[in-house]
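Input: a single structure, listed below in structure tokens.
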Amino acid sequence: MLEDWRRRPHVQAGFGSEEPPDWREELTINEDWHDPVVAEIDGRPVGYIEIIDPAREETHYWGDVEDNLRALDIFVADEADLGKGYGGEMMRLALARCFASPNVKAVILDPLTDNKGAIRFYERLGFAHEGVQVFEGNECAVMRLTRETWAERSA
Ligand SMILES: CC(C)(COP(=O)(O)OP(=O)(O)OC[C@H]1O[C@@H](n2cnc3c(N)ncnc32)[C@H](O)[C@@H]1OP(=O)(O)O)[C@@H](O)C(=O)NCCC(=O)NCCS
């Protein structure tokens, strides 16, 4: 299912030239720096979020990054399901899951700079811009939601 979802054009567009993972390997990683989650509505799978600890994740995709962060990737599987609020609800649940660990001080993201829809979506959730960084040849907007901002906004 994830193999199919991740190759759909609207999903691949959100990841630029980043190749989809080998899902058999990805989903059998049994480490505490990796938390893959499928979102369901009434038992129907609708999207995917991967939560990682970017300082400890094995490929060091995020490079030299502080401890006590989480980083997320998200996509909604069906193009027909975009814009219905599912992504927002998935993010609210995922952020609560991240900040449930008391040592986590912020969540970071790296949307492509030209993924304006996703950037607006993250801004509305309270993420702030931290600058532009190139990851694996893709120009990304680095964004961060601190625990303080998350707590204020979810109070
Ligand atoms: C980004 C994403 C997860 C948002 O989920 P969603 O369920 O569409 O979002 P919601 O319905 O909760 O919120 C709608 C907002 O999402 C944003 N959005 C981003 N891409 C969108 C799209 N293709 N269609 C509709 N809304 C989109 C917009 O800001 C939109 O707000 P608007 O109506 O004011 O334009 C989803 O669009 C997606 O999976 N995109 C493809 C993969 C991707 O780009 N992932 C992010 C990688 S950093």
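Counting convention: from 1, in listed order, for ligands and their atoms alike.
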NZ/NE/NH1/NH2 to OD/OE distance under 4.0 Å, R8 and D78: yes
N or O contact, D110 vs ligand 1, cut-off under 3.5 Å: no
Per-atom contacts of ligand 1 with G117, taking only distances under 4.0 Å to non-hydrogen atoms: 17 (C), 18 (N), 19 (C), 28 (C), 29 (O)
R44 atom CZ, neighbour heavy-atom count above 12 within 6.0 Å: yes
Over 12 foreign heavy atoms within 6.0 Å of CZ, R97: no
Presence of salt bridge, R144 and E66, under 4.0 angstrom: yes
Any N/O pair G88/ligand 1 closer than 3.5 Å: yes
Polar atom proximity, L82 to ligand 1 (N or O, under 3.5 Å): no
Which atom of A141 lies closest to which atom of I119, heavy atoms considered: CB-CD1, 4.0 Å
Shortest protein contact, atom 35 (O) of ligand 1 (heavy atom only): R120 NH2, 2.6 Å
Option of least heavy-atom distance to atom 44 (O) of ligand 1 (set: L109, D81, N115): N115
Shortest reach to atom 16 (O) of ligand 1 by a heavy atom, considering only Y86, F15, F121, Y48: F121
Protein residue, atom and distance nearest to atom 31 (O) of ligand 1, heavy-atom basis: R124 NH2, 2.6 Å
Top protein contact for atom 45 (N) of ligand 1, by heavy-atom distance: I74 O, 2.9 Å
Distance-only N or O hit between ligand 1 and V76, under 3.5 Å: yes
Pick from P9, G85, G87: the one approaching atom 5 (O) of ligand 1 most closely through a non-hydrogen atom: G87
Smallest separation among heavy atoms of E139 and V132, with atom names: CG-CG1, 3.3 Å
Atom 21 (C) of ligand 1 within contact range, any protein heavy atom under 4.0 Å: no
Donor-acceptor under 3.5 Å (E57 side chain, H60 main chain): yes
Which of the ligand 1 atoms, numbered from 1, are nearer than 4.0 Å to a heavy atom of A118: 19 (C)
Enumerated ligand 1 atoms positioned under 4.0 Å from heavy atoms of F75: 39 (O), 42 (C)
Where ligand 1 meets Y122 - atom numbers and elements under 4.0 angstrom, heavy-atom basis: 46 (C), 47 (C), 48 (S)
V104 backbone acceptor or donor facing S101 side chain under 3.5 Å: no
Donor-acceptor contact present, side-chain Q12 to main-chain E18, <3.5 Å: yes
Numbered atoms of ligand 1 (with element) below 4.0 Å of G83, judged on heavy atoms: 6 (P), 7 (O), 8 (O), 11 (O), 25 (C)
Minimum heavy-atom distance W150-L145, with the two atoms named: CB-CD2, 3.8 Å
Result of checking W5, Y86, W23 against Y48 for ring pair (Phe, Tyr, Trp, His ring centres under 6.0 Å): W23
Qualifying residue, where the test is side-chain contact (heavy atoms from CB on, under 4.5 Å) with P54 and the options are W62, W33, Y61: W62
Atoms in ligand 1 flagged as close to P111, the criterion being non-hydrogen separation under 4.0 Å: 48 (S)
Any protein heavy atom < 4.0 Å from atom 27 (C) of ligand 1: no
Polar atom proximity, V11 to ligand 1 (N or O, under 3.5 Å): no
Under-4.0 Å salt bridge between E123 and R120: no
4.0 Å heavy-atom contact, K116 with ligand 1: no
Atoms of ligand 1, numbered as shown, that sit under 4.0 Å from any heavy atom of H10: 41 (C), 42 (C)
